[in-house]
Amino acid sequence: MNPTHHRLEAALDAWPVPELSAELSARTLTRTRATLRPCSSLADALDLDRKASRAALARRLFVPVVLGAAATVLVVDTCLKIQRIFGA
Amino acid sequence: MDVDRGLVLALRRKEPGALDGVYRVYRERIWRLLARLAWSRAEAEDLFQETWLAVARHGHKLREDSNLGVWLYTIARNKHRNSLRSGARGVGRRLGFERLPIAPSIAPDEAADINRELGRVAAALARLPDAHREVLLLCVGERLPRAEVARILGISEEALRKRLSRARAALDVLLDSNPAEVP
């Protein structure tokens, strides 16, 4: 076997990998199980963390809501202008 | 039926407990790879969670003949690659080498020698390009068959052979140049 390969193999065998903590394991399993559950709320459907769901939901909804409102104002304003032009 | 095939079928059918079964079998291996690739616990923890979330989301799309190990390693490796590309992580990467104590059964002198050698190899690995480091960790660290590593990396076996050879040569040069240990 290539000596460098052998040396690397020996080092990796002896290399102490940080322990996979029970806390990380529990957190990971909780999040993955939540992903598998049927969506029971908008936050779940958007795959948002439950703790921060309100803030995250607000952030996600902000742009579509603002854009939607702006588009509505634009459409209504245009309709009114057209109405004025044709004197209806 | 082997364990992996049973787990693939369970994931495909979205059986309750399927994910827990896969997690039990593969968590240590995926964690080890990510810890060595990411070089820092915080980053490895993020990637680890993202990997398992992807498993939960896409497990039902596996084919019946899918190789579960290859699929999981591929997800983990891709999560790491994506994090490097996005630049969202990586600040302070390679500075988080954790010098954990060697097993207490080993004599202090011997432990010091092992730590010195680990430091040299770790420093050399840290200086390698990511493509070289990941191929060495998969082939040598995880001892995966070459055909599986080629599939994980999305390259041909011939391309893998060349990449592995270049990675070993680069590591050899770095080890010979006696680089300073990782802080």
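Values below: every heavy atom of this structure, side chains too, minus hydrogens, waters and symmetry copies. Proteins come first, then strands; the chains are lettered A, B, ... in the order of their sequence lines, and each starts at number 1.
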Donor-acceptor under 3.5 Å (B:Arg41 side chain, A:Glu19 main chain): yes
Expected output: side-chain B:Trp52 to main-chain A:Ser25 donor-acceptor under 3.5 Å: no
Side chain to side chain contact (heavy atoms under 4.5 Å, CB included) between B:Thr51 and A:Thr28, worked out: CA-CA 10 Å; B:Thr51 298; A:Thr28 304; over 6 Å; no
Atom group of B:Val121 that falls short of 4.5 Å from chain A, counting heavy atoms: side chain
Contact class of B:Arg36 relative to chain A, heavy atoms under 4.5 angstrom: side chain
Residue A:Leu20 versus chain B: region with a heavy atom under 4.5 Å: both
Between [atom1] of [X] and [atom2] of [Y], what distance do you get to the nearest 0.5 Å?
| X | Y | atom1 | atom2 | answer |
| --- | --- | --- | --- | --- |
| A:Leu8 | B:Leu125 | CG | CG | 5.5 Å |
| B:Asp46 | A:Leu24 | CG | CG | 9.0 Å |
| A:Thr4 | B:Leu171 | OG1 | CG | 6.0 Å |
| A:Arg31 | B:Glu50 | CZ | CD | 8.0 Å |

Hphob cluster co-occupancy, A:Val66 + A:Val63, side-chain heavy atoms under 4.5 angstrom: yes
Hphob cluster co-occupancy, A:Phe62 + A:Leu67, side-chain heavy atoms under 4.5 angstrom: yes
B:Arg143 vs A:Asp13, side chain to side chain contact (heavy atoms under 4.5 Å, CB included): CA-CA, chis, key distance, verdict: CA-CA 11 Å; B:Arg143 291 188 169 83; A:Asp13 283 348; 3.0 Å; yes
Min side-chain heavy-atom separation A:Thr32-B:Asp20 under 4.5 Å: no
Heavy atoms of other groups near B:Arg168 CZ, more than 12 under 6.0 Å: yes
